[in-house]
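Reading through the structure tokens given below for one structure.
Since we're looking at a predicted model, the values are computed, not measured. Excluded from the calculations below are hydrogen atoms, water molecules and symmetry mates; all remaining heavy atoms, backbone and side chain alike, are included.
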Amino acid sequence: MIINKDVMRDYNERSVLQTIVNYGPISRNEISKKLGLNKVSVSDIVGSFIDRKLVYSLDEAKSSNASGRKPELIEYNSAYGYVINFSLNGNTLEILATKLDGRSLDYNITDIDSQSISEIVSKMEEMVSQLPDFDTEFGLQAISIAIFGMVYQGEVVTSPFVEIDDFDLVGHFEAKYDVPVIVENEANLAAIFEQDFSKQELQNIVAVSIHDGIGAGIIINTQLYTGNYGQAGEIGRVIVQDKGTKKRRLSKLPSFDSEWSQRALLRKAARLKKRFSLHTY
């Protein structure tokens with residue numbers, strides 16, 4: 001098998017950077033052991049990262065009579081840039097700007113009831129323009145857009161809360177801001193967040209999101225599992241077994257969304273509260 005050197009170099013760089021992000025501060029020797037790469041390759045890659053300011057040295061190489069020379073530790077430069085994260089549901093639009101290590105820089109929320117996708121996109125651009133100038137090395141690095149609906153390969157398949165039509169969210173924002181743009185199901189992004197920023201080394205995750213609908217982000221062996229056309233984790237669409245004696249068409253049966261979503265639970269709680277009040281007096 002012939003392996004392209006550029007492809008292998010790119011893969012190794014990604015692996016080294018991921019290791020520094022996940023385990024840093026970390027020495028070159030520890031990186032080499034974790035990845036099974038030779039020390040010369042690791043040192044060369046880390047050196048290029050330092051030159052590009054992606055990482056920096058903590059400069060802890062000091063002599064000690066007790067322990068000898070301590071290894072130089074490398075840490076991810078979270079101030080390299082920042083990312084913008086949008087969350088788009090039927091009622092509200094949220095924006096969160098963070099450093100590359102997930103620490104929050106700015107947050108805002110606005111109502112978008114019954115607005116068209118063009119109006120929503122204009123609001124998103126307005127929210128970006130209102131962000132302060134963050135103290136980072138190279139500014140905005142990426143944008144993510146969390147969709148409450150099914151997403152497949154960056155395209156919105158269905159969105160029950162916002163009519164996306166044929167609007168190309170990825171293409172529009174990449175052209176506008178010249179950065180990578182990710183459009184993904186919000187539960188999937190929640191699962192990725194748990195994997196990346198949890199203090200535990202999680203290999204398998206099911207992150208359940210309950211709002212106007214019910215969804216789950218699924219990670220199996222550290223890989224996001226989206227299923228056929230992004231349908232994995234669409235818990236809300238599961239049909240609930242009808243307890244009545246009268247047979248009903250499948251389309252008329254209740255679903256998890258209609259019975260156990262946030263809105264359904266609040267509706268049930270209101271009925272229970274009313275019933276309790278009537279019994280009290």
Side-chain angles (χ1 to χ4, degrees), residues 14 17-18 21 52-55 76-197 207 209 211-213 215 217 224 226 230:
R14 288 172 182 267
L17 184 59
Q18 185 178 40
V21 171
R52 291 153 57 187
K53 298 186 179 181
L54 275 169
V55 304
Y76 183 52
N77 181 14
S78 63
Y80 179 87
Y82 70 95
V83 295
I84 292 173
N85 312 277
F86 287 105
S87 178
L88 177 60
N89 63 35
N91 301 314
T92 59
L93 171 65
E94 296 175 271
I95 182 173
L96 174 66
T98 70
K99 286 188 173 183
L100 298 185
D101 61 0
R103 283 183 289 176
S104 175
L105 292 170
D106 197 86
Y107 171 80
N108 200 2
I109 183 171
T110 186
D111 293 331
I112 54 167
D113 287 330
S114 304
Q115 292 186 14
S116 68
I117 186 61
S118 296
E119 290 173 317
I120 292 171
V121 167
S122 295
K123 177 62 70 174
M124 294 166 77
E125 293 173 358
E126 180 184 339
M127 294 173 85
V128 172
S129 69
Q130 293 173 348
L131 290 172
D133 292 328
F134 301 120
D135 184 18
T136 59
E137 298 277 358
F138 300 107
L140 180 63
Q141 295 298 302
I143 295 173
S144 74
I145 304 173
I147 299 292
F148 288 70
M150 283 193 298
V151 179
Y152 181 68
Q153 294 184 349
E155 293 187 11
V156 180
V157 179
T158 61
S159 179
F161 309 115
V162 176
E163 186 56 62
I164 303 295
D165 298 320
D166 294 324
F167 197 99
D168 182 6
L169 288 168
V170 172
H172 176 84
F173 283 100
E174 283 185 343
K176 176 77 175 178
Y177 298 103
D178 193 28
V179 296
V181 176
I182 296 173
V183 174
E184 186 55 85
N185 170 271
E186 51 85 28
N188 288 344
L189 291 176
I192 292 170
F193 177 87
E194 289 297 329
Q195 181 187 47
D196 288 347
F197 294 102
S209 175
H211 43 88
D212 284 348
L224 180 66
T226 58

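- The line from CG of Leu17 to CG of Leu54 is 6.0 Å long, rounded to the nearest 0.5 Å.
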Side-chain donor-acceptor distances from residues 153-167 under 3.5 Å, at least two apart:
unit_1	atom_1	unit_2	atom_2	d
Ser159	OG	Val162	O	3.1
Glu163	OE2	Asp165	N	3.3

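- Going from atom OG1 of Thr92 over to atom CG of Asp111 covers 7.0 Å, rounded to the nearest 0.5 Å.
- A donor-acceptor pair is defined here as one N or O able to donate and one able to accept, closer than 3.5 Å; such a pair exists between the side chain of Glu119 and the backbone of Ser116.
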Evaluate side-chain contact (heavy atoms from CB on, under 4.5 Å) for Ile147 paired with Asn185, printing each intermediate quantity in order. CA-CA 5 Å; Ile147 299 292; Asn185 170 271; 6.0 Å; no

Please tabulate, for the side chains in residues 123-132, all donor-acceptor contacts under 3.5 angstrom to protein atoms that are two or more places apart in sequence or on a different chain.
unit_1	atom_1	unit_2	atom_2	d
Glu125	OE2	His172	NE2	2.6
Glu126	OE2	Gln130	NE2	3.4
Ser129	OG	Glu126	O	2.6

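- Side-chain contact, Asn85 with Ser144: a donor N or O sits under 3.5 Å from an acceptor N or O.
- Residue Arg52 places its CZ atom among more than 12 non-hydrogen atoms of other residues, nucleotides or ligands, all under 6.0 Å distant.
- For residues 130-147, the set of pairs meeting the salt bridge (charged side-chain N to carboxylate O under 4.0 Å, His left out) definition, not counting sequence neighbours, comprises Lys53-Glu137.
- Sorted by first and then second residue, the ring-ring contact (aromatic ring centres under 6.0 Å, His included) pairs involving residues 97-155 (not counting sequence neighbours) are Tyr80-Phe138, Tyr82-Phe134, Phe148-His211, Tyr152-Tyr229.
- Closest approach of Ser209 and Ala187 over heavy atoms only: CB-CB, 4.1 Å.
- Between Leu140 and Val179 the shortest heavy-atom distance is O-CG1, 3.5 Å.
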side-chain contact (heavy atoms from CB on, under 4.5 Å) between Ile112 and Leu88, worked out: CA-CA 9 Å; Ile112 54 167; Leu88 177 60; 3.3 Å; yes

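- When all heavy atoms are compared, the tightest approach of Thr98 to Leu105 is C-CD1, 3.8 Å.
- Of all heavy-atom pairs spanning Val83 and Lys99, the tightest one is CG2-O, 4.5 Å.
- Here the straight-line distance linking atom CD1 of Ile182 with atom CG of Leu169 works out to 13.5 Å at 0.5 Å rounding.
- With hydrogens and angles disregarded, no donor-acceptor distance shorter than 3.5 Å links the side chain of Asn108 to the backbone of Ile95.
- The CG atom of Leu96 lies 10.0 Å from the CD1 atom of Ile84; values are rounded to the nearest 0.5 Å.
- Sequence neighbours left out, not one pair with a member in residues 183-195 passes salt bridge (charged side-chain N to carboxylate O under 4.0 Å, His left out).
- Between the CG atom of Asp113 and the CG atom of Leu93 there is a distance of 11.5 Å, given to the nearest 0.5 Å.
- Remark: Glu94 CD to Ile109 CD1 distance equals 4.0 Å, nearest 0.5 Å.
- Applying the salt bridge (charged side-chain N to carboxylate O under 4.0 Å, His left out) rule to Asp101 yields the partners Arg103; only residues at least two apart in sequence or on another chain are considered.
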